[in-house]
Structure formats: C-alpha cells, structure tokens
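Reminder, nothing fancy here: chain letters follow the sequence lines and each chain counts from 1.
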There are 2 protein chains.
Amino acid sequence: MAPQPDEVGKRAAGVEDDAALAESPPVKRRIDRPVGRVRIEDVAAEAGVSMKTVSRVLNDEPNVSEATRERVRAVVERLQYRPHPSARVLAGRRSYLVAMLYDNPSSNYLMEVELGVLDACQAQHYNLMLAPLEYDAKDIVAKVEALVLQSRLDGVVLTPPITDDAALLARLDELGIPWSSISAREPNRRVGVVVDERSAVAEMIAHLAGLGHRRIAHIKGHPAHGASEWRLAGYLDGLERAGIGLDPALVVEGGFSYESGFDATNRLLDLPEPPTAIFAANDDMAAGAIGAICERGMSVPKHVSVCGFDDTPIARHIYPALTTVRQPTRDMGRLAGLELLREIRERGQGSLVTVPYTLQLRRSTGPKP
Amino acid sequence: MAPQPDEVGKRAAGVEDDAALAESPPVKRRIDRPVGRVRIEDVAAEAGVSMKTVSRVLNDEPNVSEATRERVRAVVERLQYRPHPSARVLAGRRSYLVAMLYDNPSSNYLMEVELGVLDACQAQHYNLMLAPLEYDAKDIVAKVEALVLQSRLDGVVLTPPITDDAALLARLDELGIPWSSISAREPNRRVGVVVDERSAVAEMIAHLAGLGHRRIAHIKGHPAHGASEWRLAGYLDGLERAGIGLDPALVVEGGFSYESGFDATNRLLDLPEPPTAIFAANDDMAAGAIGAICERGMSVPKHVSVCGFDDTPIARHIYPALTTVRQPTRDMGRLAGLELLREIRERGQGSLVTVPYTLQLRRSTGPKP
DNA sequence: GTGAAAGCGCTAACAT
DNA sequence: ATGTTAGCGCTTTCAC
C-alpha cells in the first residue's frame with residue numbers, strides 16, 4: 001500500500017553473501033536498497049576487515065593502523081555509508097542526544113541561541129531535543145528528571161532563568177548528567193558561556209554621560225534573571241564612574257516585556273524631575289519606553305534618550321533605531337553546546353567561556369536636551 | 001569515573017529471573033535502577049503476559065482482550081515504564097522522527113511555527129528534528145535526500161518557500177516520504193495548512209478604503225514566496241471592490257525585509273502623487289515603512305497609514321502599533337504536524353486544513369489626511 | 001487472543 | 001592491531 005522503497009536486501013548477511021549476491025536477482029538487490037541502507041558489515045566486507053574495525057574508525061577509537069583507517073574511510077565514502085543512529089544508541093551507552101531547556105519560547109534571543117546550539121550539535125553528530133518548560137520552580141525538577149531519564153539525555157543546555165535553579169542543578173549532578181549554562185547568575189566553576197554584562201552596561205552609561213546626561217534612569221529586568229542584577233550593577237558602576245549620584249527614584253521595576261517597559265517609562269515621565277535618558281535592561285523594554293515617550297507627543301532622542309540591551313532584531317526595526325549592547329547570541333549558543341559536548345566526552349574538561357560584547361550606537365541616544 | 005547511576009540490573013533476563021530476583025541483593029537492584037530503566041520484559045513478567053502482548057498494548061494493536069489490556073496498562077503505570085525509543089526504532093520500521101525544513105532561520109514566524117509542530121509531535125510521541133536549510137534551489141534536493149535517508153525520517157514539514165520546489169516534492173514522493181506544507185503556493189491536493197490570505201488582504205484594503213483612502217500603495221513580498229502572489233491578488237481584489245482603479249506606480253517591489261520596506265517606502269514617498277496608505281506584504285516591511293515615514297518628519301497615521309501582514313511580535317512593539325492580519329501561526333504549525341502524522345500512519349488520510357485569519361486593527365491606520 | 005524466537009544494526013567485552 | 005561473540009530493548013513473524 002505504502003509506496004515505500006521495498007525491503008529487499010534486508011539481510012545481506014555476512015561476508016559469504018558476496019557469492020549469493022552474484023546469483024538470483026542481484027541487480028534488483030542493489031538498486032532497491034536506498035542509499036543509507038548500507039550496513040556496517042557491508043563496509044567491513046568491502047574493506048576486508050571486521051565490523052569492529054569499521055566501528056573503531058567511525059568512532060575515532062585507537063588501535064587501528066593508519067593504513068586500515070584510510071581504507072575503511074574510503075569504503076565508507078564510496079558506499080555512502082551512514083551508521084544507523086538508533087543502533088548506535090541501543091548498543092552503546094550514549095544517546096547522542098542533548099536537550100536545550102528553556103522558558104519563554106517566543107523570543108528572538110532564544111531562537112538565536114537555539115541555532116547556535118544546533119550548530120554545535122550537528123558538527124559533532126549529536127541530536128538536539130528542544131524542551132520548552134514552564135518555569136515555575138515547583139515541579140521543574142521532576143519534569144526535567146523525567147525528561148532526562150526517558151530520553152536518556154547525554155546532557156542539557158540551560159538558559160536563563162533555569163540556569164539558576166539550585167535544586168535542579170543539584171539533581172542533575174546527582175544523576176550524573178552534564179550540563180552547560182548560558183548567562184548563569186553565578187557562573188563560577190561552571191561549564192558554559194557568559195558575557196561581561198556589568199562592564200557593558202557601565203560603558204553604556206558612560207556613553208550617555210558623555211552626551212551630557214545626568215538624570216539617567218534604569219528600568220530593571222525580571223528579578224528571576226541573574227542578568228537583571230548584573231545590569232543594575234553595571235548601571236551603578238557607570239553612574240559612579242561618571243560622578244553622578246544615585247537617585248533611587250530613577251530606578252524602577254520592569255520584567256523584560258514591552259508592556260513593563262512602557263508602564264515603567266510612564267512612571268518615570270510622571271516624576272517631578274523626569275530623566276533625560278533611560279537605560280532599559282533589554283530591548284523589548286526599551287521599545288516600550290519609546291512607545292510611551294512617543295505617545296506623549298515627545299520624541300526620541302530629542303526629548304529623552306533611550307537605550308537597551310541584547311540587540312535583538314527589534315533594535316533595528318523600531319524608529320528610531322535603538323542604541324543597545326550586542327551579545328553574540330548565536331555564538332553563545334554554539335559555545336555552550338561545544339562545552340557541553342566536551343564535558344560529555346571528557347568529564348571535567350568543559351569550561352566557562354566569556355564572549356565579548358559590543359556597543360551598538362544608533363539613533364535613539366543623543367545629546368541631553 | 002563518571003558519577004553515573006550504575007549498571008546493576010542490566011540483565012534481568014527472561015521470565016525465570018523472578019526467582020533470581022528474590023535472591024542475592026534484590027533491594028539494591030531496585031534502588032539502583034533509575035526510573036525509565038524498566039524494560040518491557042519486566043512489565044510482561046509483572047503482568048503475567050508475554051513481551052509481545054505488552055507491545056501490543058503499548059502500540060494500540062488489536063488482538064488483546066480488554067481485561068489484559070487494562071492489566072498491562074496498570075503495570076506500565078505502576079512501574080513507570082517508558083519504552084526505549086532507540087529500541088523501538090531499531091526493531092520497528094518507523095523512526096518516529098520528522099523534520100521541519102526551513103530557510104530564513106531568525107524569524108518570529110518560524111519560531112512560532114516550530115512550537116506548533118513540536119506540540120503535535122510531542123502529543124504523538126514523535127521526535128522533531130530541525131533542518132535549517134539554505135534555500136538555493138541548486139542542491140536542495142540532494143541535501144534533503146541525504147537528510148531523509150540518513151536520519152530515516154518518517155516525514156517532513158515544509159515551510160515557505162521550500163514548499164514550492166517541484167523537484168524536491170517529486171523526489172520526496174519517489175522516496176515515499178510523506179510531507180506536509182505550510183502556506184504552499186499551490187495547496188490543492190496537498191497535505192498541510194493554509195490561510196485564505198487573499199481574502200484577508202482584500203478585507204484589509206476595504207478597511208483602508210473605508211477610512212477614505214484612495215491612493216493605497218502595496219509593497220510586494222519576496223517573489224519566491226507564494227504568499228507574495230496571494231497578497232498582491234488580495235490587494236487587487238480589494239481595490240476593485242472599493243471601485244479604485246489600479247495605479248501601477250503604487251505597486252512596488254519588496255523582499256520581506258525591514259530594509260526592503262524602508263527603501264520601497266522612500267520610492268513611494270518620492271512619487272509626484274504619493275500614497276496616503278501603504279499595505280506592506282508583511283510586518284517587517286511595514287516597520288520599515290514606518291521608519292522611512294518618520295525619518296522624513298512625517299507621522300503615522302496622521303500623514304500616511306501603514307498596515308502589514310502576520311502579526312508577529314514586532315507589530316505590537318513598534319510605535320504606532322501596527323494594523324495587520326493575524327495568522328494563527330502556532331496553530332498552523334500544530335495542524336501541519338498533525339496532518340503529517342496522520343499521513344504517516346495512514347497513507348492518503350492527511351488533508352489540507354484552512355485556518356482562519358483575523359484583522360488586527362491598531363493605531364497605524366487612520367483617516368485619510 | 002497470545003506467545004516464542006529471530007532479528008533490527010550497532011558496540012562492549014573479551015579474545016587473539 | 002584486529003577479530004569474535006554476545007547482547008542493547010524492542011518489534012516482527014509465525015506458530016499456536
């Protein structure tokens with residue numbers, strides 16, 4: 001019924017089959033077996049070695065002479081042989097599967113990170129499973145545990161704020177599951193990737209101070225994210241270095257969403273002495289700030305300068321284009337993936353990588369009015 | 001070295017092992033075997049049936065009495081048994097793996113679609129593999145073929161413009177690989193999902209005409225996408241219904257990017273008789289239009305009304321918020337996934353689903369100046 | 001309606 | 001440096 005390539009050749013069997021092949025309908029046999037249906041024993045027979053030797057070559061294991069290695073590789077290439085993933089998993093002790101754990105699915109940030117992790121996995125012939133999770137610390141440990149065990153994960157990549165759930169990390173360690181985190185709140189002694197967000201923000205504040213601004217406000221990020229702390233700390237550093245005293249009224253709560261930035265800005269603009277510049281802890285909130293400012297008939301950066309953090313696509317797509325801090329999101333995903341795989345292969349060898357940021361100066365910041 | 005849960009219980013062996021279990025270190029055995037390490041034969045032994053019967057129950061196959069079925073289910077539940085995915089794949093003829101093929105990775109649209117497809121797959125215990133592809137018709141067929149064969153895909157979900165590559169579709173059919181498409185250019189006789197984009201756009205034009213606009217421009221989408229054709233057709237329909245003659249100068253090329261919308265709008269505004277309203281074929285281009293208009297010191301919708309298509313997050317995050325057509329992107333992904341799985345299970349049973357659109361009227365459209 | 005045996009394609013452990 | 005054997009945990013086939 002199903003128009004599938006049929007099942008001829010399902011058993012080409014051992015070495016002695018070369019003879020059998022010469023009989024009956026040999027041509028049909030070859031033709032009907034789609035590429036990829038070649039098995040390790042076909043390669044072994046063709047190369048005149050045992051299956052195990054082929055296996056060694058494929059997995060870069062020692063104890064194969066360079067000559068044999070080359071010969072096997074050539075046959076693999078010629079036969080277009082690709083190992084059956086499930087057979088490898090079933091026979092071996094690894095699943096060649098890692099998962100990326102995340103909350104807040106529809107963000108540009110995560111899409112970029114995901115692409116990076118995928119790059120890393122593909123390069124090393126690992127599979128990536130996506131695990132969107134609702135982050136409510138209650139049952140997250142149980143959920144992740146179920147996932148890890150059912151899917152036999154070899155490791156996980158964690159994204160904020162899941163990076164900071166102590167109970168989860170402890171459980172992963174107990175289970176012996178390697179993990180790698182992106183922008184963890186306490187990155188020390190971890191495997192993963194971070195950006196020096198604090199310095200980045202301090203530089204951004206210096207930029208604003210250089211434009212003459214003295215009343216610089218900050219819209220904080222979501223309290224569950226370590227990034228919110230770092231960005232606040234950078235803001236304070238920046239003020240101090242510019243010799244600007246902190247006005248607590250200029251530091252307001254946000255939550256990383258457009259709406260929270262919009263609302264926070266309205267509160268700031270209602271102040272008796274409103275700010276002339278606003279640093280929002282991410283781009284979405286900065287977009288909200290611009291929306292609120294425009295809605296009052298004011299304009300950016302003429303009346304108020306605005307800047308953000310992340311350099312997501314929205315930064316270039318709003319008017320005026322947003323001054324922001326760029327983190328190399330996709331690279332971060334890739335590096336987090338690579339370090340995880342290293343940790344999987346050689347326990348204890350994964351490390352913490354710090355990647356550089358860059359200030360993207362665009363049109364949303366200008367001289368103090 | 002690795003702190004892994006150890007390997008005790010790796011061979012509980014046949015039914016007769018119940019006896020063995022009662023001896024030696026039985027408690028240790030239970031404790032050390034993590035959840036998920038229960039095997040089908042454990043379930044069989046516990047339920048007093050054969051492995052095959054358990055298998056039948058798990059796969060909803062016939063020829064099991066309701067009583068037995070219930071008993072097995074209870075044991076499965078109690079033992080928290082989960083079949084080993086790789087073992088199923090290796091033994092069976094299915095891979096339980098489908099891939100989503102896409103180009104243009106970092107779009108909100110695709111992220112939403114992906115979540116929908118993932119929903120469908122998870123609900124049916126299928127795995128989803130992501131296949132970002134560079135769409136240059138040259139070697140795409142070979143690339144996809146390699147992917148399909150190597151990964152033993154059971155099917156693929158196609159997104160625009162990969163949906164419209166005739167050579168690819170033909171090859172997939174030859175290989176007997178089911179596929180499901182989202183917004184294919186020629187959806188007839190296909191499995192997948194579509195929106196009546198043409199009618200949606202016609203309605204949008206009616207909205208603009210109702211606000212008094214007569215000079216309504218259209219920025220076209222990327223020519224490789226069927227959506228561009230539909231949206232243009234809807235624009236023409238809308239004009240005709242409103243009794244507005246077509247001015248070819250008001251229809252300009254775009255390419256779905258912010259920049260293309262920005263440039264196109266500058267061309268439109270330079271016209272001797274510029275438009276008072278612009279319908280851009282997607283939200284990114286509409287954002288570009290707003291950017292270009294603002295840059296000239298004009299404002300939206302006071303001087304020019306702007307509307308888009310898709311209702312991606314950017315529509316709410318720019319100022320003014322964008323009037324646009326909302327397509328239920330995530331649902332579309334989910335439905336495309338479900339239809340694909342149906343097609344996989346029962347050839348010929350997958351179908352084409354049409355999902356509804358809605359007009360999102362926001363602040364970027366207003367009365368003709 | 002149910003079960004026993006034979007693989008699926010690969011790797012681990014143990015030869016040699 | 002290389003080969004042999006025995007599974008991994010499930011489904012298939014075919015017998016009952």
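D:dA1 atom P lies 13 Å from atom CD of A:E61, rounded to whole Å. Per the geometry, CG belonging to A:L58 stands 12 Å off P belonging to C:dA12, to the nearest Å. Across the protein-nucleic acid pair, A:L90 atom CG and D:dG7 atom P stand 14 Å apart, rounded to whole Å. Here the C1' atom of nucleotide C:dC8 and the CZ atom of A:R82 are 20 Å apart, to the nearest Å. If you take CZ of A:R88 and P of D:dC10, they are 20 Å apart, rounded to a whole angstrom. Here C:dC10 presents its P atom at 5 Å from CD1 of A:I40, a figure rounded to the nearest Å. Atom P of nucleotide D:dT11 and atom CZ of B:R94 are separated by 9 Å, given to the nearest angstrom.
Residue A:Y81 places at least one side-chain N or O closer than 4.0 Å to OP1 or OP2 of C:dC10.
For the pair B:R88 and B:Y96, the cation sits on the ring face: its NZ or CZ lies under 6.0 Å from the ring centre, inside 45° of the axis.
Judged by distance alone, the side chain of B:N59 and the main-chain N or O of B:S55 form a donor-acceptor pair under 3.5 Å.
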- Kindly indicate, with the supporting measurements, whether the criterion side chain to side chain contact (heavy atoms under 4.5 Å, CB included) is fulfilled by B:L158 and B:D165. CA-CA 10 Å; B:L158 306 174; B:D165 187 306; over 6 Å; no
- Go through B:E61 and B:K52 one step at a time and tell me if the salt bridge (Lys or Arg N to Asp or Glu O under 4.0 Å) criterion holds. CA-CA 10 Å; B:E61 283 169 30; B:K52 181 59 207 175; 3.6 Å; yes
Just the atom pairs and distances: protein N or O near nucleotides 4-6 of chain C's N or O, under 3.5 Å.
none

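Between B:R330 and B:E114, no side-chain nitrogen of the basic residue sits less than 4.0 Å from a carboxylate oxygen of the acidic one, so the salt-bridge criterion is not met. Using a 4.0 Å cut-off between charged side-chain N and carboxylate O, B:K143 and B:E134 make no salt bridge.
A 4.5 Å side-chain heavy-atom check between A:R94 and A:R152 finds every atom pair outside the cut-off.
Atom CG of A:D173 is separated from atom CH2 of A:W179 by 5.5 Å, given to the nearest 0.5 angstrom.
The side chain of B:H84 lies closest to D:dG9, out of D:dT11, C:dT2, D:dG9.
Among the heavy atoms of the strands lying under 4.0 Å from A:V49 are primed sugar atoms or P, OP1, OP2 only; no base atom is included.
Where B:T53 and A:S55 each meet DNA chain C at their nearest nucleotide, the meeting point lying more 5' is that of B:T53.
For residues 63-77 of chain B, proximity to DNA chain D is found at no residue, defined as any non-hydrogen atom under 4.0 angstrom from a strand atom.
For B:E343 and B:S180, the side-chain atoms include no donor-acceptor pair closer than 3.5 Å.
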